[in-house]
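Below is one structure, written out as structure tokens; the observations come after it.
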Amino acid sequence: MFVRSWIGLGLAREIVFLPLQHDPMISAPTLFVDSDAIAANWLLLDSWHRAAGGRACGAAVKADAYGVGLNLAAPVLFEVGCRHFFTATIDEAIVLRKLLPEAWISVLNGLTPALAEKNIVPVLNSLGDIERWRRFAYEAEEQVSAVLHVDTGMARLGLDAREFLHLAAHPELLSGISLDFVMTHLVAAEVPQAAQNTDQTVRFRTIEATFPGTRTSLANSAGIFLGARFVSDLARPGYALYGGNPTPGHKNPMRSVIRLAAPVIQVRDIPVGASVGYNATWVATRKTRVATLGIGYADGILRAASGRLVARHRGVRIKQIGRISMDLMTFDVTEHPDIGPGSILNLLDDTITIETMAKAAETSGYEILTSLGKRYRRVLEHGYRGA
Ligand SMILES: *Cc1c(COP(=O)(O)O)cnc(C)c1O
């Protein structure tokens with residue numbers, strides 16, 4: 001094990017690198033992030049997109065790289081060849097700019113003149129945004145970059161059909177603005193048969209034709225797997241980079257990126273009829289050995305999943321029992337006498353996936369990732385391939 005400082009990248013926090021297959025002693029809940037898997041996932045998405053006729057592949061790194069840790073993920077992505085990054089907010093983009101001085105960075109929602117001096121490119125979502133950015137360019141007496149977002153069905157952000165027609169009829173509204181990309185966002189890319197996918201590509205091709213010569217950006221993670229009609233100059237995957245399955249219902253083509261491990265802090269034996277946890281939702285029907293982990297819903301283990309989670313210890317699955325509380329959760333380890341204080345349980349790994357946990361909490365893997373707690377130690381690990 002060696003410790004390397006990323007101060008050179010403008011990052012104050014130290015990152016611990018661990019060698020392949022190493023299961024270290026940990027004394028607190030720890031999120032292991034596999035840098036090789038992130039790199040492999042980006043390379044796979046990039047090659048899929050190119051094979052279908054696309055050009056570059058970028059990365060959505062909003063919400064602290066989907067909860068995985070922006071300071072861990074972004075340098076890995078840049079190193080493997082990713083040059084285009086999307087954040088949701090201006091503050092995220094400013095943090096990213098410090099990490100990656102050379103990258104092209106765009107903010108999906110937020111427009112302020114301060115972006116230009118940090119070389120951050122805003123996404124223009126309305127005629128109002130266009131007007132503000134044009135005025136800024138005029139006052140600054142320079143050409144400013146932007147991405148133009150046209151709504152083709154999501155109805156959240158982006159120029160609606162009426163605004164788009166207005167812009168098409170008045171191209172001078174964009175004077176002083178150089179469009180790096182024109183983009184849209186897919187509503188249901190993870191459902192290949194969804195009618196919206198076709199509708200949106202048809203609309204997007206019209207939009208593309210209105211701005212000849214301007215590069216395009218279309219697919220998210222799942223969109224990359226939809227084939228040639230969904231290619232563009234720049235794909236914007238997020239979820240799949242971090243190990244999420246972009247092809248629900250099919251085998252996950254991505255490599256598992258995170259492993260969440262926590263030590264058992266206490267073990268006790270309880271008699272038949274005794275209950276475990278708040279509101280006594282679980283009652284022992286046999287003499288039971290209970291192991292407690294110091295991790296709970298304050299760490300993103302959603303309370304809604306209470307009684308439905310599993311953990312893994314040396315390849316064996318163990319059932320979670322009772323309510324998940326803020327900082328603690330409990331497991332039935334009656335049949336696992338080798339588990340005691342200090343034993344390490346995996347709550348997420350390559351077999352207990354973010355989708356497994358999402359199902360237990362009746363939510364999406366996206367929410368599991370972005371809920372990942374701030375209290376974990378985050379450790380960048382090379383080449384983790386299962387416990
Ligand atoms: C979040 C986001 C993405 C990435 O989507 P994934 O499904 O995570 O790949 C791409 N484009 C936009 C506009 C987004 O908001």
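Every number for a ligand or one of its atoms is a count from 1 in the order of the listing.
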W133 and F136 aromatic ring geometry - parallel, tilted or perpendicular at 30°/60° bounds: parallel

Exercise: do T351 and R312 side chains pair donor with acceptor under 3.5 Å: yes

Any I177 side-chain heavy atom under 4.5 Å of L124 side chain: yes

Centroid-centroid under 6.0 Å between F86 and W104 rings: yes

Within the protein, residues bringing a heavy atom under 4.0 Å of ligand 1, chain by chain: A60, K62, Y66, L108, M183, H185, N220, S221, R236, P237, G238, Y239, Y366

Side chain to side chain contact (heavy atoms under 4.5 Å, CB included) partners of Y297, counting only residues at least two apart: R303, I324, M326

Aromatic ring proximity, centroids under 6.0 angstrom, F181 and H84: yes

